[in-house]
Amino acid sequence: MEIGVKKTIFSPKAIINQKFGSKACYKVEEVQEESTQNGFPGLAIPQKAPLFRCQLELPEFTVVSDICRKKKDAEQSAADLALKRLGHHSVAENPSDKDPCDALIDQIKYLFSDEFSLPLHPLRGHLRAALLRRGDLYGLVPASVITTCDTKTSNLCKLLNPEVELKPFLALSLIMRTIPRLSGCVTSKGQLSIQKQNPYPTEIIESSDIQQSDSPESILVKAIQIPASLDKTVQPVTLNISSAGYYLDVIAEQLGVTDASKVLLSRTIGKASSETRLYFAASESLVMDLLSDLANVKDFHVEGPPNARASYFCGQGIYGDAIMASIGYTWRSKELFHEHVSLQSYYRMLISKIPSGNYKLSREAILAAELPSVFTTKANWRGSFPREILFAFCHQHRLSEPIFSTTSVPLKASCELLRSQKKLKVTEVAGLATEYANGGGLNAGDGESVGLESNFRCEVKVFSKGRDLIIECSPKEIYRKQTDATHSASLKVLSWLNAYFKDLGMPLEKLNCSADALDISFSLENFHKEFALSQSIHNVQQSGTQGSKLPESKSTDMQYTLSGQDVCLPNIEGSDSGVFPSNGSLLCISYSVSLVTEGGHTKELIESKDEFEFEMGAGAVISALEAVVTQMSAGQCAHFNMNLPPQEFILAAVDDPGRIHSLLSSACWLEYHVTLLRVTKPPEERMEQALFSPPLSKQRVEYAVQHIKKSCAATLVDFGCGSGSLLDSLLDYPTSLEKIVGVDISQKSLGRAAKVLHAKLSSKSDAGIKSAILYDGSITEFEPQLCGFDIGTCLEVIEHMEEDQACRFGDIALSYFRPKVLIVSTPNYEYNVILQRSSPVTQEEYPDEKSQSESCKFRNHDHKFEWTREQFNHWASELAKKHNYSVEFSGVGGSGDVEPGFASQIAVFKQESLLDEDDLLTKQNSSQHCKVVWNWNCADRSVVGTLSNK
C-alpha cells in the first residue's frame, strides 16, 4: 500500500470507457433461465425468470459476459472479461494520480521503511535473510528480488519501460536510478543492491525472528544447470544452503559470481503457484551499464548470445549459463520454500510446451499415448481435454488466452450442409485401412462426422500478448453440442501446432497445406516471431537421438515403415479369442517399454502401465502401437521393436535421465511388450460414426426423404420410432408431409421423442405438418389407426425382434396396415467384417462361410439377428409376392456393386393394388391396441400428453 496516496477505484466498465470511449459497444440481451422442472411437453410450461447477458465489442475482439440477474452486472462482467484479456486488473488505481517514476520511488521507500509490516510478503523473507549476511553484505537486498517479489514495483517498471517484460535486467536500471532520490536507502559501490540506511528498530528485529545461528544444519536443494551453449547438456546440481546463509549467495557461487547482487531472476515458469525460476549472472559490463546514469536502454552491453533453452522456458532474455531452481520466499510462509527440480522435471517441462507432450503427460504415458486426431465423445476421451491443452499451450508460450466464438447454426442450414457433403468418408486406422472403389467400402479420409442435429460451430483465435493475431481456426463442421464444437476447434489448432513441432523444418508450402486442411489461417510473421526459439531447442533434442538398425523379428525378417518410424513386425502370442478391436471400441492394454542397446547387452525399463485405456481409431496412441493392437484379439500378447522417438520424450519418461542419457549416444532401440486386456465394443451408432461421414443413420434419413419427395406423400408412419430421430430429422427438410405418426413400445423413448418434436413443431411456423401423433404399442399387433398411410418407414428395427416376430411384422404391415410405400432397412451382416476389423478380410483368410460367420459379432448387443443380403432378399421377396407388393433393393454405406455390398441394406415395397374398402372397414373396426401418448395439432397449436415421465 502506498503511504499518503488516496486510491481512486474505478469499476471495470469505467476503465473500459476511459480506454476506448465510444469504440466500446455494449449489447445486452435477455436470456431465459433453464427450467429445473422436467415437465412433459403436453403439460403447462412454467414461467422462467429473465436473466441478462452482455456482448462487449471492442476494436480488437468481442467478449460475452456470464449470465447475470441484472443488466448492469452483465455489463460489468463483460468489461471485467475484456480487461483480463487486455492484461489489466479489473480494479485499478487512477494512473493520472501520480507520475509512475514518483510512484516507483515512493514504493521502494515504503518497502524499506519501518512501516512495511506485511509479515508474509515475499520481500520480508529476503529482508530477514539480508540481515543475516555478514561483513559488507549485511543488510543488502539484491535489486533483482524487489522487482520479482513485489508486484506493484514490477508493474511500475513495466509501465516506465515495456521492454522490461522481455528483458528483466532493465528493471534493475530503473530501480538503481531511484536510489539518489530515496531518503533512508543506500547502496554499496558496484553493487546492484539496496540497503536500509538506518538500522531497523529492535522490536521489528525481534518480531521478524532474525537470529544468528551456528547450526551446521543445511538444506540440500536439487536444481538444474542449463549451459548457454547448445552443444553442452543440462546437468543436475545441488544447492547446499546453510541455516544462516542466503540462498541467492549459494546460487551466485554456482554461477561463478561474487555475490547475490549480480544474480538476475526470471519470472516464474510452470504453474501459477510455482516458485520455479531461472537464475543467471549479470556480466561485469552489464553491471556497469546498469549502474550508470548515462546508459541508454539500447546501449546496454550484454555479452554473448541468449541462453536459448533458458529463454525458451520463461519467454525472457536469459544470458550465459543459468540455474533452474524452485526456491524462494512466498506469501504462504515465513520459511524458505524449496522443491527439488530433477532432470526428469526439466524434460517434462520441455515436452509440456508441445501439444502432444502435454497430452502424453496428462495420460502419464509418454511413450504410448498420442494427441488424438479427432474428438469423438467426452465419454471415450481420456486425459486433458483439447480446450484445456490449448489454454495450457498458450500459457506455456506466454500467449494471450485463446478466444472462442461459438455460433448457433440453424437446423435448416445444417441440413443443407449435410446434403452438400454426400461423399462417403471412412477413417483410416493406423495406416492399415483398405480403400474400396467408388465408395464401396473404406475411403481414406479424416473421419470427421457431421451430425444432422448439430447446430453449433466454433471459431478460435490465438493472439500474442501484444494482441497480434497468430492463428485463426474457422471450422466448417457443425456439432450438436457446444462443448463438442469447442473441443473440436481446439483440437484442430493443436493438431496443426503438433505437426509443426514434429517437423520444425517443414517447408512453407507444406505448412500452408496442413493449415488449409484444418481450416486454419495464420500470420507467418507473427508465428515465427513467437516460436523462433522452438526450432533450435527441439531440433537439438531430436538430433541427439541416435537410431539403429532394428533386430530381425523372430517370426519374420521383414520390417515396415509407419509414419516415419521403422518398426519390426510384431510377434503375437496367445490363442485367438475372437474378440477383436473395432473402430470406436474402448481398449484396455498393459504395456512396458524398454531401451535396448545393440546386441541386447543392456536393457533398461523406461515406462510401464498395468492398465491403459484408449479409443480405437481416434489416434490416441502412437501409430505403431495402434497398428499392432489392431492385429490382436483380447487376451493376446505381442512384442515389437521400433526406432527411438526424440530423446526429450525418453528422458521425460525415465526416472533417472542421467543414467539413460549415456545409452542414447550408442546404437539402441525401444522394445514394446503389450497385452490386450479387454475390448469394450462401441454401440452400433458409434461404430458407424467412426467409419462413415455422414453416419449411416443420417444417410438412411436422406434416403427416406428422397422417396417421400418422389412419392409426394402426405402422411407417414414410422414403425419403431424410438426417440423420434427420423421424425425429428424429417422436420428439417421441405416435404409434402402433413401428418406424421410414430409408434414404439418404449415409453422412455417416446417421452424423449415428444419433447423433441414438441419443441421443434412449436417453433416452426412455416412447417407443413398439420398433425403429429405418438403411439405406445407393438408394431406386430394390428392397429386400425396405423392403416392407410402414404408411406411407412421401419429403419433398423426388425433386427431387435426375434426372427419370427420380424416375419409377423412384415405380414401385418403389408396385409393390414398397407402403406402405399414401405421402406425397411436392416444391417448387412456381411459388412460387419469391415466395421469390426480395421481392414477387410479376404476369402483366403476365411475359406468357408462358416468360419467367417463365426468371426463376426452382431453390431449391437440388443440385436436378435442380422441377415446376409441373401437372407434379407428372400424375406422381402416372399413378403412382396404374398401381399401383392413389388420390392426393390438398395442400401447406404458402400456400394451394391462391390463386395460385401451396402453396410445398411434397404427394401422398398410398393403397393400394386388397393385393399377393398369393405375389407378395410372391417379391419378398422377391430379393437385398438395402441395408446395415444402425445398428440400435436397445428390448427390451435394444442398438445395433449398422457405419458408420465420415467
Side-chain angles (χ1 to χ4, degrees), residues 222 224 233-236 270 309 313 324 340-372 382-384 389 392 396 498 501-502 537-548 550 563-567 589-597 602-614 619-626 628-629 638-675:
K222 294 180 180 180
I224 298 297
T233 60
V234 297
Q235 296 292 336
R309 284 177 290 203
F313 276 109
M324 178 188 286
H340 295 308
V341 178
S342 64
L343 270 177
Q344 186 189 49
S345 303
Y346 168 85
Y347 286 109
R348 286 180 173 238
M349 291 175 65
L350 182 61
I351 69 170
S352 71
K353 294 175 76 70
I354 304 173
S356 64
N358 191 299
Y359 179 77
K360 287 170 179 285
L361 289 169
S362 74
R363 298 294 330 264
E364 297 183 355
I366 296 173
L367 298 178
E370 184 55 271
L371 180 70
R382 297 294 185 269
S384 297
I389 298 175
Q396 290 275 11
N498 210 45
F501 278 95
K502 282 186 174 181
I537 302 304
H538 293 287
N539 270 338
V540 166
Q541 300 300 327
Q542 294 184 32
S543 63
T545 304
Q546 300 295 320
S548 172
L550 294 176
S563 301
Q565 290 281 0
D566 284 336
V567 184
I589 64 172
S590 64
Y591 74 89
S592 64
V593 186
S594 300
L595 183 71
V596 182
T597 59
T602 304
K603 184 175 180 179
E604 294 283 350
L605 179 64
I606 304 295
E607 179 178 282
S608 65
K609 288 186 79 70
D610 293 333
E611 288 197 355
F612 179 74
E613 286 190 331
F614 66 95
V621 292
I622 60 173
S623 54
L625 180 56
E626 184 159 328
V628 170
V629 173
H639 66 269
F640 63 95
N641 302 317
M642 62 178 288
N643 277 337
L644 303 182
Q647 70 167 242
E648 57 202 87
F649 291 99
I650 299 175
L651 297 174
V654 71
D655 292 334
D656 186 2
R659 178 171 52 86
I660 297 297
H661 197 278
S662 59
L663 297 178
L664 295 176
S665 60
S666 60
C668 51
W669 56 83
L670 294 182
E671 181 180 276
Y672 283 73
H673 286 262
V674 58
T675 301

Considering all heavy atoms of both residues, which atom of [X] and which atom of [Y] are nearest to each other, and what is their separation?
{"X": "Ala638", "Y": "Val628", "result": "CB-CG1, 3.9 Å"}
{"X": "Ala369", "Y": "Tyr359", "result": "CB-CE2, 4.2 Å"}
{"X": "Ile389", "Y": "Ser384", "result": "CD1-O, 3.5 Å"}
{"X": "Ile224", "Y": "Pro236", "result": "CD1-CA, 4.0 Å"}
{"X": "Leu644", "Y": "Cys668", "result": "CD1-SG, 3.6 Å"}

Q: Determine, step by step, whether Met349 and Phe313 satisfy the side-chain contact (heavy atoms from CB on, under 4.5 Å) criterion, reporting the C-alpha distance in whole Å, the side-chain angles of both residues, the deciding distance to 0.1 Å, and the verdict.
A: CA-CA 8 Å; Met349 291 175 65; Phe313 276 109; 3.7 Å; yes

Q: Look at the side chain of Lys353 and the backbone N and O of Gln396, then say whether any donor-acceptor pair between them is shorter than 3.5 Å.
A: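 Indeed, once roles are kept as given, a pair shorter than 3.5 Å links the two residues.
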
Q | Side-chain (Arg363) to main-chain (Glu613) donor-acceptor, under 3.5 angstrom | A |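 Looks like yes, one N/O pair under 3.5 Å.
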
Q.
The criterion is ring pair (Phe, Tyr, Trp, His ring centres under 6.0 Å); which residues satisfy it with His340, sequence neighbours excluded?
A.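 Counting only residues at least two positions away or on another chain, His340 forms no ring pair (Phe, Tyr, Trp, His ring centres under 6.0 Å).
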
Any side-chain heavy-atom pair of [X] and [Y] under 4.5 Å:
{"X": "Leu361", "Y": "Arg348", "result": "yes"}
{"X": "Ser594", "Y": "Ile606", "result": "no"}
{"X": "Ser590", "Y": "Lys609", "result": "no"}
{"X": "Phe614", "Y": "Arg382", "result": "no"}
{"X": "Ile351", "Y": "Asn358", "result": "no"}
{"X": "Gln344", "Y": "Pro657", "result": "yes"}
{"X": "Ile589", "Y": "Thr675", "result": "no"}
{"X": "Glu607", "Y": "Leu595", "result": "no"}

Q: Mind checking side-chain contact (heavy atoms from CB on, under 4.5 Å) for Asn498 and listing every partner two or more places apart, or none if nothing turns up?
A: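 side-chain contact (heavy atoms from CB on, under 4.5 Å) list for Asn498, sorted by chain: Ile354, Pro355, Ser356, Glu370, Leu371, Lys502.
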
Between [atom1] of [X] and [atom2] of [Y], what distance do you get to the nearest 0.5 Å?
{"X": "Glu671", "Y": "Asn641", "atom1": "CD", "atom2": "CG", "value": "5.0 Å"}
{"X": "Ile660", "Y": "Asp655", "atom1": "CD1", "atom2": "CG", "value": "9.5 Å"}
{"X": "Ser623", "Y": "Met642", "atom1": "OG", "atom2": "CE", "value": "7.0 Å"}

Q.
Strictly by ring pair (Phe, Tyr, Trp, His ring centres under 6.0 Å), give each pair with a member in residues 643-665 just once, sequence neighbours left out.
A.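 Pairs touching residues 643-665 that pass the test: none.
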
Q.
Under the criterion side-chain contact (heavy atoms from CB on, under 4.5 Å), I'd like the reasoning laid out for Val593 against His673: C-alpha separation, chi angles, the key distance, then a yes or no.
A. CA-CA 7 Å; Val593 186; His673 286 262; over 6 Å; no

**Q.** Evaluation steps, side-chain contact (heavy atoms from CB on, under 4.5 Å), between Tyr346 and Val234
**A.** CA-CA 9 Å; Tyr346 168 85; Val234 297; 3.6 Å; yes

(Q) Does Asp656 have more than 12 heavy atoms from other residues, nucleotides or ligands lying within 6.0 Å of its CG? (A) yes

(Q) Can you tell me how the ring of Tyr591 sits relative to the ring of Phe612, calling it parallel under 30°, perpendicular over 60° and tilted otherwise? (A)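 Taking Phe612 first and then Tyr591, their aromatic rings stand perpendicular (interplane angle over 60°).
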
**Q.** Side-chain donor-acceptor contact under 3.5 Å, Gln235 with Thr233
**A.**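 Yes, because at least one side-chain N or O of Gln235 sits under 3.5 Å from a partner of the opposite role on Thr233.
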
Q: Might you work through the side-chain contact (heavy atoms from CB on, under 4.5 Å) test for Glu604 and Arg659, ending with a clear yes or no?
A: CA-CA 10 Å; Glu604 294 283 350; Arg659 178 171 52 86; 2.5 Å; yes

